[in-house]
Amino acid sequence: MLDYQPLQSSFVTSAQNISQCPSPLFSEVVFLGRSNVGKSTFINLLCNQKNLAKSSQTPGKTQLINFFLTQWSNQNKEVLKLYFVDLPGFGYAKVSKTQKDLWNKNLIEFLQQRDSIKLFVHLIDSRHPFLEIDKNLVSFITRFLRKDQKFLQIFTKFDKLNANEKAKLKKVFNEAKFSSNLQKTNVVEIRNFLIKSALGEVL
Ligand SMILES: Nc1nc2c(ncn2[C@@H]2O[C@H](COP(=O)(O)OP(=O)(O)OP(=O)(O)O)[C@@H](O)[C@H]2O)c(=O)[nH]1
Ligand SMILES: [Mg+2]
């Protein structure tokens, strides 16, 4: 089985809308989820680089479509490149309505029209698994998900649950993955699964 190790990753650019995005040279993985769920921290954990994507205790930290060039090696000495895309969290409202509407329009266009997106990673806070806003995201994405694209759910902040709550959540969401960005739980398994999904190697 191929195992992917992180090589050096780097920030490429921030875009406000699809027209400002870089040339689609590589397959892309986008990270979606409510503000403060741990998207930026999760990217840093996967890439094994603490300060690659900016994370913060204050919700609303990530405000643009941020592209990172990530590089991975496997046992065959192959080097694989992917764009990881860190997005602003939804559900964060500390901007004007006009600003928010424009943002939503830009983000929706990006998600629906950017052909190089191969994997949507939806991050959900383990403590709040059934929020309406997350259900809406699932139905929104599945409406336009193409055959060459995958959708993966990851529950973050798994460290905040007790053993009983962990077992329950795993049972209900049996296709999801569970991560503690703090304790680095399952990082190797999740990293491999995610990269293989982006490559279309997971059915
Ligand atoms: N306990 C715990 N804290 C976490 C975990 N993942 C992230 N955090 C913390 O949650 C806070 C938010 O993390 P970010 O990575 O900035 O969240 P984000 O989803 O990128 O937020 P926005 O950019 O505002 O959308 C930070 O204080 C992180 O340290 C986790 O698995 N467990
Ligand atoms: Mg962020």
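For this chain, numbers begin at 1 and follow the sequence in order. Atoms within a ligand are numbered from 1 in the order they appear, just like the ligands themselves. No hydrogens, no waters, no symmetry mates; every other heavy atom, side chains included, goes into these values.
- Geometrically, Lys135 does not engage Phe130 in a cation-pi contact, judged by NZ or CZ lying under 6.0 Å from the ring centre and within 45° of the ring axis.
- The closest approach between any non-hydrogen atom of Gly33 and ligand 1 is not below 4.0 Å.
- Numbered from 1 in the order shown, with element, the atoms of ligand 1 that lie under 4.0 Å from a heavy atom of Ser35 read 22 (P), 24 (O), 25 (O).
- Residue Asp86 has no N or O atom closer than 3.5 Å to an N or O atom of ligand 1.
- The Gly89 neighbourhood of ligand 1 comprises atoms 25 (O), with distances under 4.0 Å to a heavy atom of that residue.
- Here's the thing with Thr41: one of its N/O atoms is less than 3.5 angstrom from an N/O atom of ligand 1.
- In terms of polar-atom proximity, defined here as any N/O pair under 3.5 Å, Leu87 makes no such contact with ligand 1.
- Residue Ser55 has no N or O atom closer than 3.5 Å to an N or O atom of ligand 1.
- The distance from ligand 1 to the heavy atoms of Asn181 drops below 4.0 Å at these ligand atoms: 5 (C), 6 (N), 7 (C), 30 (C), 31 (O).
- Within ligand 1, the atoms closer than 4.0 Å to a non-hydrogen atom of Lys160 are 1 (N), numbered from 1 in the order shown.
- A 6.0 Å sphere centred on CD of Gln75 holds more than 12 heavy atoms belonging to other residues, nucleotides or ligands.
- Atoms of ligand 1 found under 4.0 Å from any heavy atom of Ser40, numbered from 1 in the order shown, are 15 (O), 20 (O).
- At a 3.5 angstrom cut-off on N or O pairs, Asp159 counts as close to ligand 1.
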